[in-house]
Amino acid sequence: MSGSGQASGLGAHGGRNAGEGPLLLGVRHHGPGSARAVRAALDEARPRVVLIEGPPEADALIALAAEEDMRPPVALLAHAVDEPGRSAFWPLAEFSPEWVAIRWALEHEVPARFIDLPATHTLAWGRDEAGEGPADGPDEPAAEVPEPAGSEAPGGRGTDGTEESADGDTASGDGSPVHDAVRVDPLGVLAEAAGYDDPERWWEDVVEHRSAGQGDVFEPFTVLEEAMEVLRETYGTGGHDRDLVREAYMRLQLRAAQREFGDDVAVVCGAWHVPALRRRSTVAADKALLKGLPKVKADMTWVPWTHRRLSRRSGYGAGIDSPGWYGHLFGAPDRPVERWLTKVAGLLRDEDRIVSSAHVIEAVRLAETLAAMRGRPLPGLSETTDAVRAVMCEGSDVPLALVHDRLVVGDVLGEVPQTAPAVPLQRDLDRSRRRLRLKPEALERELELDLRKENDAGRSRLLHRLRLLGVAWGEPAASRGSTGTFRETWRLRWEPELSVRVAEAGVWGTTVLAAATAKAESDAVAASGLADVTALAERCLLAELPDALPTVMQILADRAALEADVGHLAQALPALVRSLRYGDVRGTDTGALTEVAAGLAERVFVGLPPACAALDAEAAEEMRRHVDAVHGAVGLLVEVAAPGRGGGDDASAPVHRGLRGRWQAVLKVLSLRDSVPGVIRGRAVRLLLDDGELAQEEAARLMGLVLSPGTEPGDAAAWIEGFVGGGSGGGMLLVHDERLLGLVDAWLTGVSAEAFTDVLPLLRRTFSAYEPGVRRTLGELVRRGPGQRGSAAGAGSGIPGFGAGLDSDRADAVLPVVRLLLGLDEDHDDDVAHADDNDLAGVAG
């Protein structure tokens, strides 16, 4: 091997004979072939100590790898004590050579030590240079400079701390651009030299498909070291100062181990580093590189990891494309193709696709044939994927995408023992989730909660508190089949980064409740707008934080008193009123919140008419949405403020009920004021009509005035948009009231050609929002002419489309079904049943 010097006490090659120096095992991180080769080499060499690339602070955690409830994939997590969001990960899978080396050392009662640069320097390095482009050389990825987990550097490079790259080195974690003049992928260069266009395929052929124990067990490491030596000679280090420092530290640790154990030392590290560890260097020179490194106080522990986070598809740019496939190769060294295709067939059968044993046999034959045609020793992932597509998926990529997601990548989530170090907040979270029977899972799943049940209510509180702390284990989703406030739906998925978020949130308290309370109070003080405070009040009620509510409510009242923008007030009111409902379901006292909401509503009533004058089209549409939101909020406020609902008392009830009347007076002003844009006037008329405060004839008269020839076509179209658009059920109103439809039809047919071009986009937006069946019915009515339907249902009725009076027989027929839907007891006494029947008859009518 040209150009390789020899330091005192360091061996000359990767093979091993007695007295020839330490055993240097250069590997590809997360490679099953490398993992098997490492185990075979260790079994052959039987070293007295195993040195592994990784942070030395984790030496005390190595023993936990032998625990029964430690299941990879897992990761070492380091975070700065004073800044928990600054963190770094060292992920390990079952097929990672480092994990195999750790397990071998524990099984053989041999010391294992990490020898990479300590995390205390790694984290400080990242803090001091955040935002500066690291000056890295052509071959190495950027050094370990992690930002808070979950960020992503440009170009798709993962930034989860010190995740390892394909050539055995760490990926950038600083979230800043990497300004390398040339970046060389060592595997890519070797693959190209061997005539391959895909480095992954080359690696599979020369390493993964090579059975452990064939020939000299040290030969793969010798050959790989020679290749890396040539690459480093050809491309140089390119000024990789950080990696020079790391390698200097590793050499010092190697010398220290040799002084203690002699040459019976094995080193497992990225293949790229082996020539540097073999290089001649003095102790003084290595120590000089380490002088003056910045430091921070760091904590370290094990955390669960996932296969998905090991893959590039999740933003881990230094990872592997197919962790699930690599895990399979490591776990099934014999007949891997047959076992893999059997697993694929099982997955497709679970998804109700017809896949038989004959399909598996044919797919195996096709994969082997493709491998032979392509000159490969064994079928790889590309051959098995092509065989699955052709035989089991009938050429379709849709089921193939499922195979890739579930098997090639996978959703395996590791586990760590409870004895692993953790911040107090993490321990409280673990106790809470075990008590509530919430298990972290890597696969996204939906969780339906019934808040009337104690355990489900506890789960809801925990998830809401975690969201307030920035730990997004679950995200709320729309509940299917229910619009009541007693039901919640969550989408749950545990991501490894959440462990960092928990550590980061530990500054707020030692329990989830205390931390969420402190965080809510801090967010209320720092909130920039009134809407932010009202949203926070809602979240406090959802999370059941009674100690935080007084602070939030005081700030809310102060902000509401100073807020002059009606739009902001209208935006804040709905969230505030929504919060009042939780007093019913969660047993929360919302009396103070009701008073603030009522005062906020009064200010909206006073300021809304002037604020609606002289608006352009965009501002008018936004204000129309505010009017809709306030209308719904007022109705809900009146309902929840009634005595016995948890939000009001007998004295305040009349005041709150008067809110509806004052709001309807505001709507009447908006509907008649010419300076108000048409979209708002139309919506005000519609809301009054729906509430029964405006007669049908009066609504038709107002529409007729607006659609008269004297009105600008654009304003008339906007009025129609407000009256029957915006998802308000206006299509059904036109279907059942043909007089209104006739007015619209007559106006539209009378618009001039020039004006029609201007109003068409607005009208198209209005009517395109209707359901297809409604649009079809309207088209049929217009085709034969409104008012000419001749429907018997409308005969003699004051309102077209509706009967003249209540049909008691039809109402009685509905009662059993309604009682069943409402869950009413069939065994009520006759008086109660009679009263209920009268009430239900009114509803049915």
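In this text, all values refer to a predicted model and were calculated from it rather than measured experimentally. Residues take their numbers from the sequence shown, with the count starting at 1.
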Under the salt bridge (charged side-chain N to carboxylate O under 4.0 Å, His left out) rule, collect the residues that match up with [X], sequence neighbours excluded.
| X | answer |
| --- | --- |
| Glu441 | Arg445 |
| Glu444 | none |
| Glu44 | none |
| Arg353 | none |

Revision key, fill the gap. Rounded to the nearest 0.5 angstrom, the CZ-CG distance for Arg491 and Leu447 is 12.5 Å
Check your understanding: About how many Å separate CG of Leu443 and OG1 of Thr306, when rounded to the nearest 0.5 Å?
Key -> 11.0 Å
Check your understanding: Is it true that a side-chain atom of Ser96 and a backbone atom of Ala93 form a donor plus acceptor pair closer than 3.5 Å?
Key -> yes
Exercise for review: For the residue pair Tyr326 and Phe95, categorise the inter-ring angle as parallel (less than 30°), tilted (30 to 60°) or perpendicular (more than 60°).
Suggested key: perpendicular
Check your understanding: In this structure, which one of Glu226, Glu225, Glu229 forms a salt bridge (Lys or Arg N to Asp or Glu O under 4.0 Å) with Arg278?
Key ->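 In the set Glu226, Glu225, Glu229, the residue that makes a salt bridge (Lys or Arg N to Asp or Glu O under 4.0 Å) with Arg278 is Glu225.
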Once side-chain hydrogen bond (donor to acceptor under 3.5 Å, both in side chains) is applied, do any residues pair with [X], and if so which ones, sequence neighbours excluded?
| X | result |
| --- | --- |
| Asp352 | none |
| Trp99 | none |
| Arg71 | Glu415 |

Is any side-chain heavy atom of [Y] closer than 4.5 Å to one of [X]?
| X | Y | result |
| --- | --- | --- |
| Phe114 | Leu51 | no |
| Leu42 | Leu25 | yes |
| Phe261 | Pro47 | no |
| Arg279 | Arg251 | yes |

Exercise for review: Give a yes or no on this: more than 12 heavy atoms of other residues, nucleotides or ligands lie within 6.0 Å of atom CD of Gln418.
Suggested key: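 Count not over threshold, so no.
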Review point. More than 12 heavy atoms of other residues, nucleotides or ligands under 6.0 Å from CD of Glu495: is that the case?
Key: yes
I'd like a table of donor-acceptor pairs (distance under 3.5 Å, sequence neighbours excluded) in which one partner is a side-chain atom from residues 390-401, with atom names and distances.
{"from": "Ser396", "atom 1": "OG", "to": "Val398", "atom 2": "N", "distance (Å)": "3.2"}
{"from": "Asp397", "atom 1": "OD1", "to": "Arg389", "atom 2": "NE", "distance (Å)": "2.8"}

**Study point:** Distance-only side-chain donor-acceptor flag, Arg349 / Ser356, under 3.5 Å
**Key:**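 Side chains of Arg349 and Ser356: no pair found under 3.5 Å.
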Review point. Got a sec, which pairs hit side chain to side chain donor-acceptor pair (under 3.5 Å) with one end in residues 361-372, sequence neighbours left out?
Key: none
Check your understanding: Ion pair present between Arg246 and Asp116, side-chain N to carboxylate O less than 4.0 angstrom?
Key ->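 The answer is yes: the pair qualifies as a salt bridge.
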Check your understanding: What heavy-atom pair brings Leu61 and Thr301 nearest, and what distance separates the two atoms?
Key ->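 For Leu61 and Thr301, the tightest heavy-atom pair comes out as CD1-CA, 3.6 Å.
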Exercise for review: Only counting residues at least two apart or in another chain, list the ones meeting ring-ring contact (aromatic ring centres under 6.0 Å, His included) with Trp340.
Suggested key: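 Applying ring-ring contact (aromatic ring centres under 6.0 Å, His included) to Trp340 gives Trp325, His328.
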**Study point:** Pairing residues for Trp104 by the ring-ring contact (aromatic ring centres under 6.0 Å, His included) criterion, not counting sequence neighbours
**Key:**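 Trp104: ring-ring contact (aromatic ring centres under 6.0 Å, His included) contacts with His108.
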Check your understanding: Which pairs pass ring pair (Phe, Tyr, Trp, His ring centres under 6.0 Å) with one or both residues in residues 32-58, sequence neighbours excluded?
Key -> none
